[in-house]
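Just below is one structure, and these are the notes that go with it.
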Amino acid sequence: MKFNTKTIHGGQHHDPAYGAVMTPIYQTTTYAQTTPGGHKGFEYSRSKNPTRSALESAIASIENGNYGMAFGSGLAAIDAVIKLLEPGDEVISTSDLYGGSYRLFTSIFEKFGITFHFVDMGNASNIEKYVTKNTKLIWVETPTNPMLNIIDIKACAVISKKYNLMLAVDNTFATPYLQQPLDLGADIVMHSATKYLGGHSDVVMGVLAVKNKELADKLYFIQNASGAVCGPQDSFLVLRGIKTLHIRVQRHCENGRAIAQYLNKHDKIETVYWPGLENHLNHDIAKEQMKDFGGMLSFTTKGNNYNEAIKIVEKLKIFTLAESLGGVESLAGHPASMTHASIPKKEREKTGVVDSLIRLSVGIEDIDDLIADLEQAIG
Ligand SMILES: *Cc1c(COP(=O)(O)O)cnc(C)c1O
């Protein structure tokens with residue numbers, strides 16, 4: 001089955017009870033047994049729920065994995081991955097990763113004796129310097145937020161195999177339509193399904209997909225034992241979202257490209273960060289490992305003025321000033337005053353988050369309206 005068919009049918013079957021084409025929302029905690037242990041595969045909805053199971057097999061299918069797991073949020077999914085580790089273990093992580101992942105690693109898991117090394121992976125060979133006998137996991141996020149840095153997943157997989165480490169990839173920004181890390185050698189792929197998989201800004205969820213059965217069993221155990229699962233209604237929404245993933249992402253990419261090109265020519269704009277631009281750092285790697293370049297982009301204005309950037313995001317009318325990304329509607333954010341406000345200016349500027357940086361999650365509205373909106377806001 002090809003990807004555009006898998007989003008609709010992958011891992012799916014009509015509901016056995018009445019033949020419902022769409023998996024129903026099994027809003028139930030428990031399941032009748034005919035004799036103790038005599039059930040149809042479902043006992044209690046933390047362990048397994050039919051709506052969640054349908055979503056989990058769809059996730060496995062679209063990521064070319066064999067097993068999928070769904071959690072109450074993206075961070076709950078990451079939490080489950082780190083719980084594979086033990087005190088004394090070390091993780092090598094992308095340096096400019098999602099702020100919530102950084103907080104989870106440093107504020108929660110370091111307390112339990114796990115060490116995290118945050119490494120610039122723009123050149124994957126940097127990773128090798130941090131490998132010790134205690135290293136267990138490489139955590140990669142690509143493209144990164146908000147600078148859209150690109151990391152070579154295949155090169156990371158070579159290193160993880162050489163030292164017998166696990167390689168996990170946060171594939172939230174790319175989506176499985178654009179990038180399939182398991183095929184590039186990753187062991188675990190993770191998504192904040194809150195973003196493109198759900199796609200409509202109406203559900204918070206996280207998912208994992210893996211190929212290996214032993215690893216899947218360990219993650220299922222953690223999913224059930226820690227219990228950070230998502231509910232059946234949310235599972236239904238993401239299952240529905242995935243059915244249009246391919247056409248949505250196609251339009252996100254088209255609109256992203258048009259806006260990147262528009263901004264790139266604009267005389268008030270200093271730099272545009274979009275992996276599809278030829279001068280973007282590691283554009284060649286993006287071209288190799290991604291099918292297209294997505295709808296996330298960032299830009300800075302000439303003069304790098306903090307207040308001017310705030311004015312621009314306030315003036316936008318179709319782009320909503322909001323956190324999050326990946327929905328059908330366009331969103332704009334100002335990292336220096338929003339997502340990265342708690343990081344000292346000197347620190348955030350090291351990674352490129354300067355005062356005038358604006359991040360766009362380009363939606364699937366008409367491109368003429370989006371460009372007209374940017375035009376009136378930037379002037
Ligand atoms: C949003 C996000 C997360 C966290 O997901 P939640 O669903 O908000 O918990 C992790 N990684 C990336 C890249 C994200 O954008």
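One-based numbering, in listed order, for ligands and for the atoms of each.
Interatomic distance, F105 CZ to I82 CD1, rounded to the nearest 0.5 Å: 4.0 Å. Taking CG of D373 as the reference point, atom CD1 of I318 lies at 5.0 Å (rounded to 0.5 Å).
Looking at R348 and D355, a side-chain N of the basic residue comes within less than 4.0 Å of a carboxylate O on the acidic one, giving a salt bridge. Using a 4.0 Å cut-off between charged nitrogen and carboxylate oxygen, K162 and E128 count as a salt-bridge pair.
Between F293 and H283, the ring centre distance stays below 6.0 Å. Aromatic pair Y26/F42: ring centres not closer than 6.0 Å.
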When you check ligand 1 against the protein, what N or O pairs turn up below 3.5 Å? List the atom names and distances, or just say none.
from	atom 1	to	atom 2	distance (Å)
ligand 1	5 (O)	S192	OG	3.0
ligand 1	7 (O)	G74	N	2.9
ligand 1	7 (O)	S192	OG	2.8
ligand 1	7 (O)	T194	OG1	2.6
ligand 1	9 (O)	G74	N	3.0
ligand 1	9 (O)	L75	N	2.9
ligand 1	11 (N)	D170	OD2	2.7
ligand 1	15 (O)	K195	NZ	2.7

